[in-house]
Structures are given as structure tokens and as C-alpha cells.
**Student:** 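Take a look at the following structure, please.
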Number of protein chains: 4
Amino acid sequence: MKKEKPKYKQIVDAAVIVIADNGYHQAQVSKIAKQAGVADGTIYLYFKNKEDILISVFQEKMSLFIENLQEIIQEDTTPSEKLRLMIENHFKVLSNDTFLSRVTQLELRQSNKDLRLQINSILKEYLDQLDAILVEGVESGAFSKEMDIRLARQLIFGTIDEVTTSWVMKDHKFDLNSQASKVYQLLLNGIKA
Amino acid sequence: MKKEKPKYKQIVDAAVIVIADNGYHQAQVSKIAKQAGVADGTIYLYFKNKEDILISVFQEKMSLFIENLQEIIQEDTTPSEKLRLMIENHFKVLSNDTFLSRVTQLELRQSNKDLRLQINSILKEYLDQLDAILVEGVESGAFSKEMDIRLARQLIFGTIDEVTTSWVMKDHKFDLNSQASKVYQLLLNGIKA
Amino acid sequence: MKKEKPKYKQIVDAAVIVIADNGYHQAQVSKIAKQAGVADGTIYLYFKNKEDILISVFQEKMSLFIENLQEIIQEDTTPSEKLRLMIENHFKVLSNDTFLSRVTQLELRQSNKDLRLQINSILKEYLDQLDAILVEGVESGAFSKEMDIRLARQLIFGTIDEVTTSWVMKDHKFDLNSQASKVYQLLLNGIKA
Amino acid sequence: MKKEKPKYKQIVDAAVIVIADNGYHQAQVSKIAKQAGVADGTIYLYFKNKEDILISVFQEKMSLFIENLQEIIQEDTTPSEKLRLMIENHFKVLSNDTFLSRVTQLELRQSNKDLRLQINSILKEYLDQLDAILVEGVESGAFSKEMDIRLARQLIFGTIDEVTTSWVMKDHKFDLNSQASKVYQLLLNGIKA
DNA sequence: TATGAATGAGTCTTCATTCAT
DNA sequence: TATGAATGAAGACTCATTCAT
């Protein structure tokens, strides 16, 4: 499978760096190829077109969130604790890779509607995991029975995303990880029973 | 002042329609000129460049939120009630102009970092109003004393924005206004004392 | 009408020269623009795309044949004489413009099937004129009553085209005009009553 | 000799099919290799470059005409009869292989001047055979003494080629073989004594 | 002989902006 | 003020050919 070949990963990683450094609109295929140490044409042996590179970037990096999240959910903890771990994990992954955080919070959002629809469908898996936590919480009585799951999801994801974007736009000047417990507390208040 | 001349408004309104109809990347200056009923060159008598048009679009339309919000704050109501009215107002303004909602939630976000920084500085006035409500709420004892104002602002704005974007991406299929009271309740829970 | 603007003709004439000099596959749009003395982008104010330039070259230049031919047919002469004049005219037009002859006999034939279908539909008007002469000749008894019009047209056009192409491929080394009477005699023998 | 190796013929036959199916400009080396069941690189063990493949296609397939023609000429018949048999043979060979007819009449003509010069030199052998018939006819008194051999050759070849191309462009909709006697008659009239 | 992954040169087209009128 | 014809820079993608295995 092509995704397991080293050059595939080489190019995806190069794309993250080039986009973070130059911005989405200045991330030419030739720059990505140069950063990856391959010829321009080689890109097209692994990706259908430029859009395909960007989708793959998101797909590959999103898995960092999702894989961790699955471990957390499998653990034998309460829904509230799962939520806290999810927020901590989200902030930790992005804190550890400021290149990636620029790309996901700022640059990739400059793509057109088609690309964003594709990104959303990748994101869906993450949001589905979040929904599962919320449903479990309602059923266990930890979260409010009147709660609208979709709204709660938008509350949580919207807040996390806004906090993260703000952190990136302020050039990572404050410590994102240390925000986690306060964000958790605010969100938990909103949804708890 | 140039902003009061009829052609200035003509061009800004034309830009909203063209961007909503064609998307950000397909909103060429010549299309905006045609929609506004002026020559391409005339645009440059009123705007420095294309970016200047887009900033002006945001600036002009943002005032819809801010003017209403000021009336609300001036009213003699509790901070919680002000928050509720602000959410309702936000949803109402966007519900009334689906063209505008497409433009602010989807299309204008495809701009580059510089443009978004400018947009953020316009947005700041709106967020400052929100901060004022929050401060008032803390001082009056309605909102939690431990609350971090910045985080609370991100909680509120992030959630409103996420709900709205989701509504636009689902082609306005559900009624945004009717979400207001549930969103208010969730957010209030998060921040109340 | 856009075809009357000087730049339209400037570009068509430039295209003939560039194609004749460099060959069909080496006739880049930028070369044509340079030869025409305009910017690359200007080409696209007058032509939809590169293919449109090539079709226009054929269209504009084909009219040289057709307009002359109409004068000849309107004259009060016998069908045989009309045929003779048509052949002479064909050879004369191409003899007078060796650039054009390279382009029509060699270069434009390297185009893909779509373009050639378009060229054929332009050519049709010319062949219709030829058919008219043939029909008139059959009716007047000058040409054989058993003659198949389509075959006769292919005999005449095929021969003229082969003679001309051969002249071009031999770098115009012999005098094309002086072949006219012999070609006429051969063709007339083939079709006369 | 490499031309007798099985893979050589495999590749030439694959090229005919690929060109007929996809057109000259869409006949990439990799498609030909795939159709032939060999690796891309293997092509270059048997052919110098892509042009060499195309020349070989013409060379190999042209022999179909020439070998038959030699048998006809060796027979003890009159020059007029030889001409008739040559026309019939030409039409028959192409009728029997519509793939080949597309390739020779339409696709291979999209090649550049160099390739066409090479093709012409291969064609020369065929035209030389035709010349021999014409000379014999003049000497035997069957064809006109004033006849210009080169013009007569262009009359005959140009007509046959035009009829055939027309048949291909009309998607082989009429029966080419049945045109032979009428074409023969027209041509004979043109050149007979 | 045979493979096929890698190479990298080459080009059409768009569109924000200008400037002579 | 207003016009709109003209400008020209910039970039994604293809495919014939090579060469290490």
C-alpha cells in the first residue's frame, strides 16, 4: 500500500513544514517537493493532485488525535474524566507540534469549500468519539438528561478550537496545556447534571 | 468621506452577493464591478486593493452586530439577560441574511493570515462588548468569581461560531433562532456562580 | 465586432508566421504574443484559448479561397472553365503565401481530431462550391452523367491537396502555378462526358 | 535481428491498438507497454525512442500493401488492369483493418515534420511501384504519352487517400471496396491515351 | 534481458492592477 | 470621476526517458 511507503510520509511531513512556513497559498508543489527531497513529478506518483496532498496531511495528522482518544475511551474511567483527558490530549498534541497547529488552525482553513467538506468528513470520526463520551455521560447520569448532544458537541469542540486558534494567532505565547483544567471546568459546568 | 458616497456602499453590497454566490476564490474584482454596475477601474477609486474591499465588507457588516449589542447593553437588564439577548441577536442577524452568513462563516475565512488579522481587529470591538458583560456579571455576583474572562469569552464566542458555521454548512436546514435558548442555557451553566 | 479590431488580425497573422517558422507543436502562445507585439494575456481578450486561435487562423485564411471562388462562379463561364479557374486560384493563393501554405498543408494537420473536425466544417463551404460546379457541369452535359459527385469532388480535392502538399514538402522548389493546366487536364479527362 | 524477436512485434501491434483507441496524442509509452504486457523500460530495449515505435508501426504495416502489390505487378496483366488491382488492394487492406485505417489516415498525420518525412520515405517504395505501372502504361501506349508521371502519381495517390480518409472520418459508414471500380474509372479516364 | 520508480523540463491560462482617454 | 483595454507574473501537472537492481 502506497501510504506505507517512506516517500509518502516524507512528502506529507514536508507539506506540513512548507505550509506552516509559507502559508497555504504560498505552498507550491515545487516547494513541497524540494523540502521532501524528491522531484516534482514524484509527488504525483503518490498523490492525485495538490488537493490530495492537503487532504492526506489532515488525514495523517488527525489520526494522532483519534488514536489517543481511543485509548482513553477504552480506559475504565468516568465520562467526565474522559472529557478531561480528551481536552488535555487535544492541547498536548498541538502543543507538541507548533508547525501542525499553524497548519490545522490557520492554513488549512483557507482551502475552498470542497476541500473543507473532505476535511470535515475526516473530522467526523473525532467528533463521533466525542459524541460517544457524551451519550455515555447522559446514560450514566453524569451529564444532564435535557442536554442536546449536538449542541454539547459544538460547545466543546467550538471552545477547544477557539482557544487553540487564539493560542496560535498569539504565536503560542501562553502555555496551552495549562488551560486544560479551566476549560474542562467551564465545559463540565455547562453539561453536567 | 468616501465611505458615505453611494458607490462605496454599492460596491460593498455587490461584494457580499458575489462572494456568497461564487465563493471567495471565484469572487474576481471584475465580477464585483459588474454586479455593482461600475467599471473595473472605478473600484480602485474607492478601495486600495481587493483585500481592502473584503475588509470593508466585514467592517460594514460587523456593525450590524455591534450597534444592536450596544442598545442591549444600555438597557437596564441583568448580565445573564444581556448574554441571552446577545446570543439571540447574533443568531437573528445571521438568520436574516443567509448571504452574509455564508460570507462570514465560510468564505471570508479562506483569506490569508494578514486579512484575518485585520478581521480580528474589527471583531475585537464585538468581543470587547462581550467582555464588558462578563466583567459586569462577575462583579454583580451573577457569574463565578474564579472565572477566567478570556476563557469565558472563548467559550461563548467559540460555541456561537461553531453552531453558526455548522448551520451554514448544513445549508441552513434547521432553524438557528430556536437554538438560542439552549445555547444560552449551556453557556450560562458554564460560567454562572 | 471583435474581428474588425486590428489586434485580432495582428494575432492571427502572427500565429501564421510563428506556426510556419516553428511548427505546430512549437507554436507557444507566448511566441505568438511576442510576434504580435502584445502581452500574453491580451491574446485571451480576443480568443477563448489556444485552439481558438488555430481555428481562427484557418477560418480567416480559408476565406481567401472562398471569396475568390464565388467571383469565379458568378462569372459567365462554362463549368469546365470554372474548374480550371478554381485550380489556378487555389495554386495562386498558396503560391503567394508560402507561410500560409506550410501552415495549411503540414502544420495544422498535426492538430487533434476535435480541431480537425472544426477545420473540416470550415472547409465544407469550399467543397460545397466545388460540388456546385460539378452539378452544373453534369446538368449542362459537360461532365459525365454517370459521374458520382462525391467521388469526383474527392478526385479533384485529393489531387489538388496532394500536389500542393508535395510542393510544400519539397520546400516550394518547383513552380506550383505552372502545374495548374496539367492538373486541370488530368482532372477534366477523368470527369468529362 | 531485433525485428524478428516476438516482443518487437508485440509492441508494434500494441501501439496500433493504443493509437487507434486513444488517438495519437494520448498514446503514451506507458500505455503501449501495458497493452504489450511489458515494462516501460523494456520498450527501450527494442526501440530508440517513441518516434521509433511510430515509424516502425508504419514500416511494418506498409509492407502489407507493398507485398501484395508486387504479386500483382508480377502477374501478366495490362497496366490498366494493374492499376485497377492496386486500387482494389489498397481499399481491401484498409477495409480489413479499421484499427490500422484510423492510425494511417488520421492519427499518424498528427506527428511532426520529421516523423512525416520518415513516413514519406517508407511510402516511397509504394509510390515507386505505382510509378512503374505508369511508365509501363505509357510505353505500352495504354496511357497518354503527354502524361506527367509525377502528376499522375499525385492524381492517383491523392484521390485514393482522400477517398479513404473520408471513409474513416465518416466512421466507415459506407463500403469502401465498392468504391474501387468507380475510382478506377475516374482515374483511368484522366490518364489513358 | 527485464523491470518500474524516479526524474524534471516545459506551457497555457487567470486576474489584480494600471493608465491613457 | 469614470472607463475598460492591456498588462504580465506565476504554478500545477504530464510523460518520455533513465538506471539501479
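In what follows, every chain begins at residue 1, and chains take the letters A, B, ... in the order their sequences are listed.
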**Student:** From the 5' end of DNA chain E to its 3' end, which nucleotides mark the outer limits of contact with chain B, defined by a 4.0 Å heavy-atom distance cut-off (strictly under)?
**Tutor:** dC15(E) to dT18(E)
**Student:** Using 0.5 Å steps for rounding, measure from the CG atom of D21(D) to the CZ atom of F99(D).
**Tutor:** 5.0 Å
**Student:** Which residues satisfy the salt bridge (charged side-chain N to carboxylate O under 4.0 Å, His left out) test with K34(C), sequence neighbours excluded?
**Tutor:** none
**Student:** What heavy-atom pair brings F58(B) and L108(B) nearest, and what distance separates the two atoms?
**Tutor:** CD1-CD2, 3.3 Å
**Student:** What is the distance, rounded to the nearest whole Å, between atom CG of D52(D) and atom P of dA16(F)?
**Tutor:** 14 Å
**Student:** So, using side chain to side chain contact (heavy atoms under 4.5 Å, CB included) as the criterion, who are the partners of E125(B) when residues are at least two apart?
**Tutor:** I66(B)
**Student:** Closest-nucleotide mapping onto DNA chain F: is I43(B) or K50(D) further toward the 5' terminus? I mean the 5' end.
**Tutor:** I43(B)
**Student:** Mind checking salt bridge (charged side-chain N to carboxylate O under 4.0 Å, His left out) for D13(B) and listing every partner two or more places apart, or none if nothing turns up?
**Tutor:** K61(B)
**Student:** How long is the line joining CD1 of I11(D) and P of dA16(F), in whole Å?
**Tutor:** 14 Å
**Student:** Dot-bracket, DNA chain E: Watson-Crick or G-U, under 3.5 angstrom, [ ] crossing, | other strand?
**Tutor:** .||||||||||||||||||||
**Student:** Please name all residues satisfying ring-ring contact (aromatic ring centres under 6.0 Å, His included) with Y126(D), sequence neighbours left out, ordered by chain then number.
**Tutor:** F65(D), H90(D)
**Student:** So, using salt bridge (charged side-chain N to carboxylate O under 4.0 Å, His left out) as the criterion, who are the partners of K124(A) when residues are at least two apart?
**Tutor:** D128(A)
**Student:** Return the set of residues passing salt bridge (charged side-chain N to carboxylate O under 4.0 Å, His left out) with R109(C) (not counting sequence neighbours), or none when no residue passes.
**Tutor:** D161(C)
**Student:** Restricting to side chain to side chain contact (heavy atoms under 4.5 Å, CB included), what partner residues turn up for Q118(C), sequence neighbours left out?
**Tutor:** E51(C), I55(C)
**Student:** Need one value for K34(C): base, sugar-phosphate or nothing, where a base atom within 4.0 Å counts as base even if backbone is also close, heavy atoms only.
**Tutor:** nothing
**Student:** Heavy-atom nearest nucleotide on DNA chain E for A39(D) versus T42(A): which residue maps closer to 5'?
**Tutor:** A39(D)
**Student:** Let me know, please, whether Y44(A) or G41(D) comes out on the 5' side of the other along DNA chain F by nearest nucleotide.
**Tutor:** Y44(A)
**Student:** My understanding is that only residues two or more places apart in sequence, or in another chain, count here; which of them pass side chain to side chain contact (heavy atoms under 4.5 Å, CB included) with T98(B)?
**Tutor:** S101(B), W167(B), H172(B)
**Student:** Quick one: list whatever passes side chain to side chain contact (heavy atoms under 4.5 Å, CB included) with Y44(A), sequence neighbours left out.
**Tutor:** V29(A)
**Student:** Taking DNA chain F as the partner, which of residues 24-33 of chain B come within under 4.0 angstrom of it by heavy atom?
**Tutor:** none
